[in-house]
Structure formats: C-alpha cells, structure tokens
2 protein chains.
Amino acid sequence: MNRPITTIKQIADATGVHPSTVSRALDPKKRHLVADDVAKRIVAQAEALDYQPNRLAANLRLGRSDLIGVLLPDIANPVFAPILGGIAEVLSAQGYAPIVADAGNASSQQICFVERLLSQRVDGLILATVSQDDELVGFCIQRGLPVILVNRSEARDRVSSVVSDDDMGMRLAVDHLVGLGHRRIAHVAGPLSTSTGALRRDGFERAMLHHDLRGVVREATGYTREAGAQAAQHLLAATHDVTAIVAANDLLALGVLDVLKQRGLRCPEDISLVGHNDMPLMDVVSPPLTTVRIEHREMGRIAAKMLAERIKSGSPEIRHVVLRPELVVRGSTAFRAVEADA
Amino acid sequence: MNRPITTIKQIADATGVHPSTVSRALDPKKRHLVADDVAKRIVAQAEALDYQPNRLAANLRLGRSDLIGVLLPDIANPVFAPILGGIAEVLSAQGYAPIVADAGNASSQQICFVERLLSQRVDGLILATVSQDDELVGFCIQRGLPVILVNRSEARDRVSSVVSDDDMGMRLAVDHLVGLGHRRIAHVAGPLSTSTGALRRDGFERAMLHHDLRGVVREATGYTREAGAQAAQHLLAATHDVTAIVAANDLLALGVLDVLKQRGLRCPEDISLVGHNDMPLMDVVSPPLTTVRIEHREMGRIAAKMLAERIKSGSPEIRHVVLRPELVVRGSTAFRAVEADA
DNA sequence: ATTGATATTGCAATCGATTGCAAAAAGTCA
DNA sequence: TGACTTTTTGCAATCGATTGCAATATCAAT
C-alpha cells in the first residue's frame, strides 16, 4: 500500500548482481554491456518490483534536472494559455517537464523566481516576460543558463527568440482599415518597454506613413482591459475625428470597446476597431473582433523545440524565429461611415 | 562568465572549515550550532561566491523534491488559467514549484504523465482531470502520493478535494429562470463521467423538481464549444417549446449560442441561456452571458494550501471543501417571451 | 588544577544512480 | 596448453548537501 520505493540496489540484491550491472541493464544505451540472460532477469525483476528510477539521484550525478522553467508575466492573460500548451506539448515529448512561474512584470521578482529555479537546477528557461532591455536576460546569460524568449523579444539580440512579425501585423491592420476608406486612424499602443508595444507602435507608424498618413498614438500602461479603456478615454477626449482604432492587443481592444459603448459610439458603424493576437473567444465578443492572428501554440512549440536543441547541442548559436501573422476580418471593422467624411 | 557553480565544499575550503559546518551555518535552523564569528565569515563567503544551494542534492538526501505535479485536462480551456494561477501563487509562497502537465482526458495517458512525475519524485499532485471513478486516483493512493482534486471530484471519497457546490449552482440558475417566468427549461449537460457533468445534471433535475418541473437533458460529449453546439442541435431538433437552456459550462453555452444564432433564434428574446463558471471574457460576449460564477483562482489557492499542509503534516486526513457559487445576471436571460406562453 | 558541562567542529555515512577502471570470465587461435 | 582478445561483471568514486556521533575546545565551578 505505502510507497515501496524500489531502488536499483534492491533489484541488484534480488538478482544477485551488482547495482552497476542493474544500471547498465536498464539503460538502453548500455544494455549491450550486459550478458543477455542477465539483462533479461534484471528487467523482469525491475518490472516485478515496479521499479521507477529516481531522477533526482541520476540527475545529481549527471548535472541536469530535466526541468525547464517557464516564466509568464500573467497566467490569467488568455494569450499565454496556448503558448504554455505548445511548450508543454513539446517539452514532455522531449523528456523535459515545465515548471511554470507566474512571475509578474517586476524584474526583481522575476529574478527571485529565477534564483529559485536555478537552485532547482533547471536545464533552461523560456521567458515570456522580457522587456526591451531586460535585466533578467543578462542575469541568465551570466550564469550560462540556456534561454529562449517567446512572444516578446529584446532590443539587443543576446538570446534566441520566437516572436510574431509585429511590423507585418500592423501593416495588415492598417492596410485593411485604409482599404475600407479610413484615414484618421489611432493606435492604442502597449507598454513601450515591451517589444510588442514598441515594435507594433513603430509598425503602425510605418504602415500609416506608407499611405501618407499620420495617426495619433496613445500608450497604455499595461496589457489589460482597464489600461486599454483608460488609453481610449484619453484618445477620444483629445481627438474627435478618429474613425478607426488599432489596438496593440486584444485585451486593449476590449478596453477600447468598453469605452466606445460607454460613450454611445457604435462599433463598427462609428468607429472600427482592430485587435492583435486573436486570443480565444475573440470571435464571440460583440462585435466579433477583427484582429491580427498569431499562432501562439505554434510559437510555444517552436520555442520549446529550440530550447531543447540548444541544451542538447550546447552551442550558443542565436536564432530569431519570426512567425507570420494573419489578419482575421470579423465584425468590428467596416467601411468608413459617410458622415464622417465631412 | 560561464556557470561558476559554487558548492558548499568551495565555501568550506575558502573559509577553512568543514563542509558540514558550512551547511549548518547556512541553515537558519542550525545556525546556532556554529560559532557566531565563523558563521558570519561563512555567510559572507557564500555571498561573495554567489552560492546557490543545489536542491537536487539536498532533496536526494531528504527524500523530497519541492515539486508538485499539476495535471490539467486541457490547458487551452480558459477556466484552468485562473486555477493554475491560484495554485502557482500559493505553491511558490510555500516553497514548492508546480510542474504542469497537459494530460488530456485519457486515463492511460494521464498515468503516463504521473509516472514521469513520480520518477521526478514530486512531493504531491493536484488533479483537475479526474472522472467520477478514476483509475488515476487509485494509482496515486497505491503509491502513497499525496493528492488533491480540484474543480472535479470523485464519486468515492478517497482523497481530499476542492470543488464548487454544483447543486447550488444549478439551483441558482434554475430559480433565476423560473423567476423570469420560464417553465420549459432544457439542460445541456457535461460529460456524465465527470463530477461536474453528473452533479450539475442532478442539481438541474432536483431544482426543476422543486418547482414541479421536468426538463429535457442532453449530454454533451465534452466540455467544448463544438460539443455544446452539437448538443444544442439535438435538443432543439427534438423539442420545440424550450424557452431557456442551462448549460453545464460556459464553453458549452457558447456552443449553444452558436446554434441559436445559426437557427435565427435570438438570445435572450427567444431563448434565455445560462452558463456556468463565469470564465474570463464572459461579460463581453454577445449577449453578455448570465452565468454561475465560480472563484477559480481561490479554488486553486485552497487546493495548493491543502496539499502543502497534507505534505507537511503527513496525516492522510480527507477533507472536502465546497465553494459557494454565485449567480451573475447579465444579458443572456430575460423574461419569458409572451408569445411562447401559448 | 581537576572535573564536568557546554559550545564548536570534524568525520563519515547517506540519499540513488552512473561510470571509468580493473578484475574475472569466456572465447579464440596457434 | 599458453598467450591474447573480447565479453561481462564488480569495485569504488562521484554528484552536493545533510546529520548522528564523536572529538576537541572552551569555560565555569570546585
């Protein structure tokens, strides 16, 4: 009934051989070093005793842990669920297990979590938390810990990353709106300290410029619905002729939507709205959100795969994978209202 | 630059004492065994060398891992994000780290994951995956592994659990609808193999009976939007006079909503709809969903707390925490249309 | 100064698996 | 049969921290 933890030594005793022989017999790569009949007896005995190798012990010897730390800024944010799903999927297929930490946005707290993970001797780290110039990344590099950035990247290219093409994403959004006749387009940017905030803002401005347009930009204080609402308030208070808004992220877009409703503005009739991410359920909000889709799950998968390779190869090669986003047109964007033309 | 892993032995050499003395000086509970000045020197040296204790080694000796396995049936399902958030929050505060596994619904695969976790010597397990009679639970009990069930429970009370009061939840939903004048109410049940599916179904029937009503029930094949849509199709094809539908879960409700729209039925004007869970964003769908709110984050917190206590105390006491749900009335429910009265 | 108590420190085993090296066993060939 | 491979197995160290026990140092009291 109670934990009859079987060790290699017990198998050895039961089989009348030395523990080292058992170890070899149980390792596929070393089994050839053991006489066939002995190996069979050992394997049989191991099964009979329901042996589970103790990875703690093995890993202490081998200097690894088969553990990967995953740092998220906010588990509750729905975009991270699919990323985490992709990560978990690949990691477990590769023999690793993910330790997730909901580490927030504060560098100090993140480092605290990483130190914890370090003492657990994680083999690598996947960061979804980084800012443009991140203290944490330097911290990890210093300690020689393999790191991959996912979703957000760094300004300096110190480590590998998997992100979406933010520039293209914004181009898709702006081109779509311009194609619908919009000219006065505003942007609710994410925190400019994050790559997604800064690069999407840049992308927005570049895409607008390409059409000889300039748009108002308002930076939100965080990637939350509330921050989006707040930014939208400011935006609408300052400018009266905006016909479309591009948000740096769906959550921000929802916040914008809240303000539109609250102000009696209809979406898309009065103001068109484009989000970013296409996170779960964006097709079912009202109106269904036109947004730039990012394959988050795939993003997680690639990040995990790259990290596993990085660990196995040991080579510190830096690679940046940039995924192509895709515009999903739904109900929150429409032709520019004629009245607004005046 | 590269990983200068400091060990206790290095500190010992640098300080001119024995490793065991270092170990004691660095352990708050044993520091009193070491002369004050020596302890200070050791601590200083440890900081200078940027010492990080190797938990692998300590835990091998101590027979633990400070790791907790968390099994989810589907990371992508938005209800699990807050649960996981609550778990992570408490666990890290208690010195544990969560290993999450997206283990699906198949018992065989789940056991596979648990064996993996077992070989990593996790100190305990939090299961969000269980069915009414779960093979996995027996498996864990047999191995003496502390387990807590969260969100779903077992029919047999073999281990502690934290769940919502499903019976009350359905009563809230049904009473609300009856209060609005509805009489012909149907239920889209979750898989009856899960406690949430079965108990909510029972709760629905009991609540209906309390009003001398009987409602049609249709079991969905899973907790997904598609399964909800499928169930709704069947339901609406079989019965024509339903004025309200109670879904066992928000995702199912969204599926029902899809079918209503597709059939040209308006919600709530033609048919009222109640969900369950109040998962993120349910306030922003169209129409905003009336639903039974469950404090998922709190649920995760409590589960983690109970598991930590269980591990520390070692007592196999079984406790069942049942959280009170709360009805959140939004736009998907309305007074029964008068025409339907005929 | 001697005894006894107490405070510090060191020694060595331990947790469980892995592996280089050497010993033993088995097989090959002249 | 002896010399030489090759196969199979055992020994013992190792990973890094913890801890019971023993040894030494310190101090007080007589």
Side-chain angles (χ1 to χ4, degrees), chain A residues 3-43 45-46 49-67 95 116 118-123, chain B residues 3-43 45-46 49-67 95 116 118-123:
Chain A
R3 219 184 294 218
I5 328 170
T6 309
T7 72
I8 230 174
K9 183 160 184 326
Q10 287 169 24
I11 300 177
D13 291 347
T15 335
V17 298
H18 194 268
S20 61
T21 307
V22 175
S23 172
R24 288 188 269 251
L26 260 26
D27 178 349
K29 285 188 293 280
K30 298 236 173 58
R31 218 199 116 147
H32 66 99
L33 291 172
V34 176
D36 242 26
D37 55 328
V38 179
K40 282 210 188 85
R41 250 173 49 229
I42 292 175
V43 170
Q45 191 61 245
L49 292 177
D50 197 18
Y51 172 69
Q52 287 286 129
N54 184 335
R55 290 198 183 213
L56 241 59
N59 287 341
L60 171 59
R61 176 80 223 272
L62 299 173
R64 17 163 247 211
S65 67
D66 296 335
L67 257 24
R116 168 75 172 67
L118 235 36
S119 85
Q120 201 97 42
R121 292 296 187 267
V122 291
D123 294 340
Chain B
R3 220 184 294 217
I5 328 171
T6 308
T7 73
I8 229 173
K9 184 158 182 326
Q10 287 168 25
I11 301 178
D13 291 347
T15 335
V17 298
H18 195 267
S20 61
T21 307
V22 175
S23 172
R24 286 188 272 251
L26 261 26
D27 178 348
K29 285 190 293 281
K30 298 237 173 59
R31 219 199 115 149
H32 67 100
L33 292 172
V34 176
D36 242 25
D37 55 328
V38 179
K40 282 210 189 86
R41 250 174 48 229
I42 291 175
V43 170
Q45 191 61 245
L49 293 177
D50 197 20
Y51 173 69
Q52 287 288 128
N54 184 335
R55 289 199 184 213
L56 241 59
N59 287 340
L60 170 60
R61 175 80 221 272
L62 300 173
R64 16 162 249 212
S65 67
D66 297 336
L67 259 22
R116 169 73 171 69
L118 235 37
S119 85
Q120 201 97 41
R121 291 295 187 269
V122 290
D123 294 340

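In the text below, chain A, chain B and the rest are named by the order of the sequence lines, each starting its count at 1.
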Student check: side-chain heavy atoms of Gln52(B) and Arg121(A) closer than 4.5 Å: yes

Picking from dA17(D), dT19(C), dT19(D), the nucleotide nearest the side-chain atoms of Ser20(B) would be dT19(D)

On DNA chain C, more 5' by nearest nucleotide between Ala39(B) and Leu62(A) is Ala39(B)

Looking across every strand, which nucleic acid part, if any, lies under 4.0 Å from Leu33(A) by heavy atom: base, sugar-phosphate, or nothing? base

Leu60(A) CG to dT14(D) C1', in whole Å, measures 9 Å

Heavy-atom closest pair (Ser65(B) atom, Leu56(A) atom, distance to 0.1 Å) is CB-CD1, 4.3 Å

Rounded to whole Å, the CG-C1' distance (Asp66(B) to dA17(D)) equals 13 Å

Ala35(B) has its side chain closest, among dT9(C), dA12(D), dG16(C), to dT9(C)

With a cut-off of less than 4.0 Å, is there a side-chain N or O of Thr21(B) near OP1 or OP2 of dG10(C)?
yes

When rounded to whole Å, the CD1 to C1' distance for the pair Ile5(B) and dA17(D) reads 14 Å

Among dG16(D), dC15(D), dC11(D), the one nearest any side-chain atom of His18(A) is dC11(D)

Between Ala25(A) and Ala39(A) the two heavy atoms that sit nearest each other are CB-CA, 4.1 Å

- Task: Could you tell me whether Val17(A) contacts a base, only the sugar-phosphate backbone, or nothing, with contacts defined as non-hydrogen atoms closer than 4.0 Å?
- Result: sugar-phosphate

| Base, sugar-phosphate, or nothing for Thr7(B), non-hydrogen atoms under 4.0 angstrom? | sugar-phosphate

Here the distance between atom C1' of dT19(D) and atom NE2 of His32(B), to the nearest Å, is 12 Å

Atom CZ of Arg55(A) and atom P of dG16(D) are separated, to the nearest Å, by 20 Å

Q) For the side chain of Arg24(B) and the base of dG10(C), is some donor closer than 3.5 Å to an acceptor across the two? A) yes

Rounded to whole Å, CZ of Arg41(A) lies from P of dT9(D) at a distance of 9 Å

When Thr7(A), Asp13(A), Thr6(A) are each screened for side-chain hydrogen bond (donor to acceptor under 3.5 Å, both in side chains) with Lys9(A), the one that passes is Asp13(A)

query = Just to confirm, is there a sub-4.0 Å distance from OP1 or OP2 of dG16(D) to any side-chain nitrogen or oxygen of Tyr51(B)?
reply = no

Does dT19(C) have OP1 or OP2 under 4.0 Å away from a side-chain N or O of Lys30(A)?
yes

Per side-chain contact (heavy atoms from CB on, under 4.5 Å), Arg64(A) is matched among Leu67(A), Leu60(A), Asp66(A) by Asp66(A)

Rounded to whole Å, the CD1-P distance (Ile11(A) to dA17(C)) equals 8 Å

What's Val22(B) touching, base or sugar-phosphate or nothing? Going by heavy atoms closer than 4.0 Å. nothing

The nucleotide from dA17(C), dG10(C), dG16(C) with an atom nearest the side chain of Ile8(A) is dA17(C)

In whole angstroms, the gap separating C1' of dC11(C) from NZ of Lys9(B) amounts to 14 Å

From the list Lys30(A), Arg31(A), His18(A), Lys29(A), side-chain contact (heavy atoms from CB on, under 4.5 Å) partner of Arg24(A) resolves to Lys30(A)

